[in-house]
Undergrad: 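Would you mind keeping the following structure in view while I ask a few things?
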Protein chains: 2
Amino acid sequence: MTVYFDVASTAPLHPVARQALTAALDEGWADPARLYRSGRQARMLLDAARETVAEVLGCRADEISFTASGTQAVQLGVLGALHGNRRRGRHLVHSAVEHSSVLHTAERHQAAGGEVAAVPVDRLGRVDPAAFAAALRPDTALAVLQSANHEVGTVQPVTETAARCGDVPLLVDAAQSAGRMDVPAGWSLLAASAHKWGGPAGVGVLAVRKGVRYASPLPADEREGGRVPGYVNVPAIVAAAASLRAVRAEAERENARLHELVERIRARVPRLVPEVEVVGDPVRRLPHLVTFSCLYVDGEVLLGELDRAGFAVSSGSSCTSSTLTPSHVLAAMGVLTEGNVRVSLPFGTAEADVERFLAVLPEVVAGVRAPLGLDLAPPAPAGEPSGGTLVLDALGKRCPLPVIELAKRIGEVPVGGTVAVLADDEAARLDVPAWCGMRGQEYLGEAPAAEYGGDRGSAYLVRRVS
Amino acid sequence: MTVYFDVASTAPLHPVARQALTAALDEGWADPARLYRSGRQARMLLDAARETVAEVLGCRADEISFTASGTQAVQLGVLGALHGNRRRGRHLVHSAVEHSSVLHTAERHQAAGGEVAAVPVDRLGRVDPAAFAAALRPDTALAVLQSANHEVGTVQPVTETAARCGDVPLLVDAAQSAGRMDVPAGWSLLAASAHKWGGPAGVGVLAVRKGVRYASPLPADEREGGRVPGYVNVPAIVAAAASLRAVRAEAERENARLHELVERIRARVPRLVPEVEVVGDPVRRLPHLVTFSCLYVDGEVLLGELDRAGFAVSSGSSCTSSTLTPSHVLAAMGVLTEGNVRVSLPFGTAEADVERFLAVLPEVVAGVRAPLGLDLAPPAPAGEPSGGTLVLDALGKRCPLPVIELAKRIGEVPVGGTVAVLADDEAARLDVPAWCGMRGQEYLGEAPAAEYGGDRGSAYLVRRVS
């Protein structure tokens, strides 16, 4: 029996959701646009669900439209607000660590001639409200900020940022926190996803405050306030609303409990496993989510071994994992994009399962690292290499191999000496500086590999400090 | 207990769908993009569902993408094919009787600078393949034709039309027939909707043949072959596939039975109810669907009374009923757009229920007509009015009142005499000629109402023939 620690991907269906879904398949199956009895009944259930969701999210029922997914809510929210506010201009501002649905929508906007600014975050993945506000321009039509980060759990300063947005509408992507935490004040548009809080798949929420300009980017359709075309999925919406209310009621107790369990993982993993960095904000964070980076480990392999050991966890770069591109979130934070493990605990997670995970993790990581033959004890300093720089040729090697090579051999140069890592895997550009930040070495910069005898790629220069 | 005769709006959930949904909520709840056990299991269920749907629809599994609705399948199919074939040009051809989702997508294309041609249909609602082909141009990027009409049940000559499309891709909207009938050959893209065949809401199908150019109109997303962004709703898709297979297996027997029941309605309603026209093709039609127009009746009122009498039926203009615009389908056919009743029978419809409907209908219609004080027996010819033309002032009266006035008083002119109906309800422009077609009178055309003493609107001229 596998223990499921990946609720940030999708939550198991809440018992209340299942019950409501079964009932609504009987009572709310008809078309809510029809005027006969079963149609009116479906409409009443839909109206009641809308009231419930509005109440929990803190807005009016007529501000809520149900979408088919959180991604659709984000896409429609972003494009609809940009289109509705096009007289202000075509400038879009978002944080660098938004969900890929935001980034891809921004790319589409850019491809259509719009301008996009991504506001950087600090090493904890947190946006600075002043820096965010500084990115706004007179022609900014929309700003986007997540309530909390989906990969590292950092809670964003939404209310402080909203206060600095003036009359620029702010879309808050609340997918990771809706149901678990209060929605922060100050949003103009809000996006959320039911399957993240224990509702069924197939339901997202797009809320648009009265008075916020919005023009649908899709062909006309009269359903869901003209915002979401297509037949309305009443049974799933009823189940989504019922579970949102249930989860919100349980959250206070469960959040405190899960917060403590995550605290254990944050504190003990670095003591149990060598060469690990826990990432994300240790204080202003989601109660149930933690990510740590295991140096010198291929994340996919590690996840596979943990699965075999009975734990379903995810990688920090989970939403883009099949594309083999490094996580843009971790890259923006300047931490290692390789070897990440994201643990996100469902409501009701047993303490014993967390303890078992902590007991199993060290040997699983050690088992994955073993074939690399990495001696993690610092090697004795060797003589200074010729020209004062040790050249490591990692050309043709995929990350994390270049960093592993660096870690293995930096001890060969004396403190103060320099290592040049030649690599053509793009991820090295992020990983070498990130490794330096983690291991207390100094990153000097990048040069053409040709200067160090390479026939392609770059040389990443590191000075040994400790 | 209401008898449900509106399966063309949505079908009751098939027992197999419910069973599969319940099982898949247990077995396929995890994210199919994840590599741990529960994720792989969800992926396997998704793959199997895709195989099933492909097999029933007659295509390859990798040609199928699951959408959130039939409307989304149509929107993505049309816009994606137009975008993918933009080098051919920006000309779109569709029949005049497509679903509103096609028409609204065409409007959006037109608003963005594209060109659109709507091919007319005959009085039975049927497209002429030669006329359709004649609308194609060298710059036509896409043609759209439904498998069968959703308002009147007319089956379109898809295969014959496809054969004349040459290399212009043809999108077939199979929403009304998928599961019940074989998908006609010749399509390049196909759209369908699971809740129409007894699957759950929240699942549509977009199939794109290998080699057909397609470019997603939405922001990038790697799911569903890059065609449909957002979290994949595995349990609902599993249920949709299971019910599609079940329905297809039952269809042959049920189609024959329902065909006969519809035949009864088609034959007997005109005998039971005065002033009724059954519309749509009597032969090449969906087995389970029939629409008839009751003259001199407000359709919404009639539906309400039928609901009170225990029958859930719909109006021919059901998908646009809340907007009060006349049905574009009935308008294109040149039949009355008022007073329509669409009866669409679910699988398993009891013969006794159809008989009861036929027993109840005449008095329900009579009850709705009674307040109009319409003497449906032709009045005795009166003397010829001054100037040879009887002027009926229906200005300010909403349809069907202008037609009712005409029906009431045409007997006042002798055979060969003329009536001028003054009206400012736009629907009169469709309804007066349609009424003439039904009642065997001659429609002469339209003139400014001012020529007949009106201060606004138009005069619709009718010659009494019989």
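Every heavy atom of this structure was used, including side-chain atoms; hydrogens, water molecules and symmetry mates were not. Everything quoted here is computed from the prediction, not taken from an experiment.
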Undergrad: If you define the side chain from C-beta out and look only at heavy atoms, does anything of H104(A) sit under 4.5 Å from L218(B)?
TA: no
Undergrad: If you count heavy-atom pairs under 4.5 Å with chain B, which of T105(A), T67(A), V203(A) comes out on top?
TA: T105(A)
Undergrad: Mind listing the closest non-hydrogen atom pair of N233(A) and G202(B) along with its distance?
TA: ND2-CA, 3.6 Å
Undergrad: Do you know which of L35(B), L25(B), D31(B) has the most heavy-atom pairs with chain A at a distance under 4.5 angstrom?
TA: L25(B)
Undergrad: Mind listing the closest non-hydrogen atom pair of A68(A) and A68(B) along with its distance?
TA: CB-CB, 3.2 Å
Undergrad: Name the atoms and distances for all side-chain donor-acceptor pairs under 3.5 Å in residues 305-313 of chain A, with sequence neighbours left out.
TA:
{"unit_1": "E305(A)", "atom_1": "OE2", "unit_2": "R308(A)", "atom_2": "NH2", "d": "3.1"}
{"unit_1": "D307(A)", "atom_1": "OD1", "unit_2": "R37(B)", "atom_2": "N", "d": "3.3"}
{"unit_1": "D307(A)", "atom_1": "OD2", "unit_2": "R37(B)", "atom_2": "N", "d": "3.4"}
{"unit_1": "D307(A)", "atom_1": "OD2", "unit_2": "R40(B)", "atom_2": "NH1", "d": "3.0"}

Undergrad: Can you tell me which of P217(B), A111(B), A236(B), G204(B) forms the most heavy-atom pairs within a distance under 4.5 Å of chain A?
TA: P217(B)
Undergrad: Which atoms form the tightest heavy-atom contact between R34(B) and S314(A), and what is the distance?
TA: NE-OG, 3.4 Å
Undergrad: Is any side-chain heavy atom of V74(B) closer than 4.5 Å to a side-chain heavy atom of P219(A)?
TA: no
Undergrad: Between CG of D221(A) and OG of S100(B), what distance do you get to the nearest 0.5 Å?
TA: 7.0 Å
Undergrad: Which region of L103(A), side chain (C-beta onward) or backbone (N, CA, C, O), has a non-hydrogen atom less than 4.5 Å from a non-hydrogen atom of chain B, or is it both or neither?
TA: neither
Undergrad: What are the two closest heavy atoms between T71(A) and G230(B), and how far apart are they?
TA: CB-CA, 3.5 Å
Undergrad: Relative to each other, are the rings of Y36(B) and Y4(A) parallel, tilted or perpendicular (30° and 60° limits)?
TA: perpendicular
Undergrad: So which part of H195(A) gets closer than 4.5 Å to some heavy atom of chain B, the side chain, the backbone, both or neither?
TA: side chain
Undergrad: Is the shortest side-chain heavy-atom distance between S193(A) and Y231(B) below 4.5 Å?
TA: no
Undergrad: Work out which heavy atom in R18(A) is nearest to a heavy atom in T22(B); give both atom names and the distance.
TA: NH1-O, 4.1 Å
Undergrad: Tell me whether the count of non-hydrogen atoms from other residues, nucleotides or ligands lying under 6.0 Å of CD in Q110(A) goes above 12.
TA: yes
Undergrad: Please look at S101(B) and chain A and tell me whether the side chain, the backbone, both or neither of the residue comes under 4.5 angstrom of a heavy atom of that chain.
TA: neither
Undergrad: Side chains of P229(A) and Q75(B), heavy atoms from C-beta outward: is any pair under 4.5 Å?
TA: yes
